[in-house]
Amino acid sequence: MFKIGLLHKSEHKAKVLSFLKKREAYCSMLVGNLTKFGALEIPNKLFSGDFYYMISIHDDVNKKEKIEMVFCHVQFGNLLFQKRNNEIEKDLLNKMIEFVIENSKQKGIPLKGVFGEYNVSKYIVDKLIEGNLWKKEGLELSEKENLYQKLLNCNLQYFRNDTENTLVRKLTEDDFDEYYKLLCVFEEESGLLITPFNEAKNIFAFFYIFGVFVKTENNQFKLISMCRLNSKSLNTGTIGAVFTVKEFRRKGYSQLCLNYFFEYYKQELKEMVLFTQESNSANNLYLKLGFEFIGHQGVFTYNCEKVVH
């Protein structure tokens, strides 16, 4: 028998936190949102949402309970989850899916993405399509991505091969216009829909973004490479949007940006994780920088505007 509970002020809160901590590298975005916003939805905070847990009850008399899954459907529309294992336990998953669909209807928050272990994510997406909540033609992303982990430590060797013509730093609000231009190129090359300007600006402050600037002929600095901390929890950071414009590739700028990034966070975090397409040519760079492959992540996003009515 399975039971779903709201995490906030639950008697199981300590068990749930322990469950997540043991699996933090595999659910860093989920834990990052919990760390930043707490277990309850905050109005107008797009990446906050109510956290739920699922327990299995193995003995009706002694009430032996085990945490099986933790999930959150954030206001932005994404479903983030972490399961105890990668097995497809249909009864458990179907109960969770039914709950999320009903909750989505009640709150008026469309389900726009599913993020978690690949096999489980795919099962959830297949059930959404089977139930006509999603249409196949509306899938914007349907990816089985490599999940990499890198441990940070105080002995990390940080190097900068930049000169007076190169600047590496954390981006500020004044950099947003340049960042948005680079983001649009990144999304276009990745086959994603372009994030609307106002939406990108609203969530800009949520991210921690670092960039490499090079001096142009008119002595102005231009943003040509970036990496982004998508989420941060107690021990783990999730890296995203590692990108360098085409004419500056294979010159070490992504490596320079990432090394600065690692140096900045090595006292605060124990590890970094990222997930990329299996065919991504940058995977060799991540291995060179000390990342290790630890599994597969499912990245599914849905856009109802792609569905022909």
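Heads up: numbering here begins at 1 and tracks the sequence.
Within a 6.0 Å radius of CD in E189, more than 12 heavy atoms belonging to other residues, nucleotides or ligands are found. More than 12 heavy-atom neighbours from other residues, nucleotides or ligands sit within 6.0 angstrom of NZ on K170. No more than 12 heavy atoms of other residues, nucleotides or ligands lie within 6.0 Å of CD in E173, so this atom counts as exposed by the packing criterion.
Looking at E130 and K127, a side-chain N of the basic residue comes within less than 4.0 Å of a carboxylate O on the acidic one, giving a salt bridge. One finds a salt bridge joining E263 and K266 here, because a Lys/Arg side-chain nitrogen approaches an Asp/Glu carboxylate oxygen to under 4.0 Å. Taking the charged nitrogens against the carboxylate oxygens, K232 and E268 do have a contact shorter than 4.0 Å, which makes a salt bridge. At a threshold of 4.0 Å, the pair K270-E24 does not count as salt-bridged, since none of the basic side-chain nitrogens sits closer than that to a carboxylate oxygen.
Side-chain polar atoms of K105 and N103 form no donor-acceptor pair below 3.5 angstrom.
The distance from the OG1 atom of T276 to the CD atom of E143 is 10.0 Å, given to the nearest 0.5 Å. Taking CD1 of I109 as the start and CG of N78 as the end, the distance is 11.0 Å to the nearest 0.5 Å. Between atom CG of residue L7 and atom CG of residue L40 there is a gap of 8.5 Å, rounded to the nearest 0.5 Å. To the nearest 0.5 angstrom, L34 atom CG is 6.5 Å from L17 atom CG. How far OG of S104 is from CD1 of I97: 13.0 Å, rounded to the nearest 0.5 Å. Atom OH in Y148 sits 11.5 Å away from atom CD in E292 (nearest 0.5 Å).
Annotation: side chain of F19 is in contact with side chain of Q82 (closest heavy-atom distance under 4.5 Å). Side-chain contact between N259 and V168: absent, with no pair of heavy atoms (C-beta onward) separated by less than 4.5 Å. Side-chain contact between V114 and L128 is present, with at least one heavy-atom pair separated by less than 4.5 Å. Looking only at side-chain heavy atoms (C-beta outward), K83 and E117 stay at 4.5 Å or farther from each other. At least one side-chain heavy atom of L289 sits under 4.5 Å from a side-chain heavy atom of L258. Contact of the K9 side chain with the K13 side chain is not registered, since no non-hydrogen atoms from C-beta on lie closer than 4.5 Å. You'll find the side chain of I129 reaches within 4.5 Å of the side chain of L139, heavy atoms only. At a threshold of 4.5 Å between non-hydrogen side-chain atoms, the residues L147 and Y118 do not count as touching.
Residues V100 and L79 approach most closely at CG2-CD1, 4.1 Å, considering heavy atoms. The minimum heavy-atom distance linking N119 with I88 is given by the pair O-CD1, 3.6 Å. In terms of heavy atoms, V273 sits closest to A25 at CG1-O, 3.6 Å. Closest of all the heavy-atom pairs between M272 and F291 is O-CE2, 3.8 Å. The nearest pair of heavy atoms linking L20 to C27 is CD2-SG, 4.1 Å. Between T216 and K222, the closest heavy-atom pair is CG2-CB, 3.7 Å.
Side chain of Q297 to main chain of F275: no donor-acceptor pair is present (N/O by atom type, distance under 3.5 Å, no hydrogens or angles). Between the Q149 side chain and the I294 main chain, no donor and acceptor come within less than 3.5 Å of each other. Panel note: side chain T301, backbone L141; a donor-acceptor pair is recorded below 3.5 Å. At least one donor-acceptor pair under 3.5 Å links the side chain of Y180 to the backbone N or O of T195. Between the side chain of Y302 and the backbone N or O of K135 there is at least one donor-acceptor pair closer than 3.5 Å. A distance-only check finds a donor-acceptor pair linking the side chain of S121 to the backbone of G116 [under 3.5 Å]. When atom types are taken as modelled, the side chain of E89 and the backbone of L92 share no donor-acceptor pair closer than 3.5 angstrom. At least one donor-acceptor pair under 3.5 Å links the side chain of T35 to the backbone N or O of V31. Put simply, the side chain of S48 never gets that close to the backbone of F37: no donor and acceptor are under 3.5 Å apart. Of the possible donor and acceptor atoms, one in the side chain of N283 sits under 3.5 Å from a partner among the backbone N and O of E278.
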Query - Check against ring pair (Phe, Tyr, Trp, His ring centres under 6.0 Å), F186 and F243 - result: CA-CA 7 Å; F186 164 69; F243 184 73; 5.6 Å; yes

Report task. Check the pair Y123, N94 against side chain to side chain contact (heavy atoms under 4.5 Å, CB included), reporting the backbone distance first and the verdict last. Result -> CA-CA 10 Å; Y123 179 85; N94 290 345; 2.8 Å; yes

Report task. For the pair K95 and D91, evaluate salt bridge (Lys or Arg N to Asp or Glu O under 4.0 Å) and give the outcome as yes or no after the intermediate values. Result -> CA-CA 6 Å; K95 185 177 180 68; D91 289 345; over 6 Å; no

**Report entry** Worked check of side chain to side chain contact (heavy atoms under 4.5 Å, CB included) between I124 and F81
**Finding:** CA-CA 11 Å; I124 293 171; F81 71 88; 3.9 Å; yes

Requested in this report: Output, in order, the C-alpha distance, side-chain angles, deciding distance and verdict of salt bridge (Lys or Arg N to Asp or Glu O under 4.0 Å) for E65 and K15.
Outcome: CA-CA 10 Å; E65 299 172 337; K15 287 184 180 180; 5.2 Å; no

Requested in this report: Start with the C-alpha gap between V245 and Y253, add the side-chain angles, then the distance that decides, and say whether side chain to side chain contact (heavy atoms under 4.5 Å, CB included) holds.
Outcome: CA-CA 10 Å; V245 295; Y253 288 114; over 6 Å; no

Report task. Test F248 against V212 for side chain to side chain contact (heavy atoms under 4.5 Å, CB included), laying out the working first. Result -> CA-CA 11 Å; F248 290 95; V212 178; over 6 Å; no

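Under the salt bridge (charged side-chain N to carboxylate O under 4.0 Å, His left out) criterion, no residue pair touches residues 199-220, with sequence neighbours excluded. Applying the salt bridge (charged side-chain N to carboxylate O under 4.0 Å, His left out) definition to pairs two or more places apart or across chains, those involving residues 31-54 are E41-K107, D50-K107.
Of the candidates Y52, F51, F115, Y53, Y52 is the only one forming a ring-ring contact (aromatic ring centres under 6.0 Å, His included) with F71.
Using the six-membered ring where Trp is involved, F176 and Y179 have ring planes that are tilted, between 30° and 60° apart. Taking the six-membered ring for Trp and thresholds of 30 and 60 degrees, F210 and F261 have ring planes more than 60 degrees apart, a perpendicular arrangement.
One hydrophobic cluster, built from ILVMFWY side chains closer than 4.5 Å, cannot hold both L234 and V70; they sit in different ones.
The side-chain tip of K150 points at the ring of F262 from less than 6.0 angstrom away and within 45° of straight on. Under the 6.0 Å distance and 45° angle rule, K112 counts as a cation-pi partner of F76.
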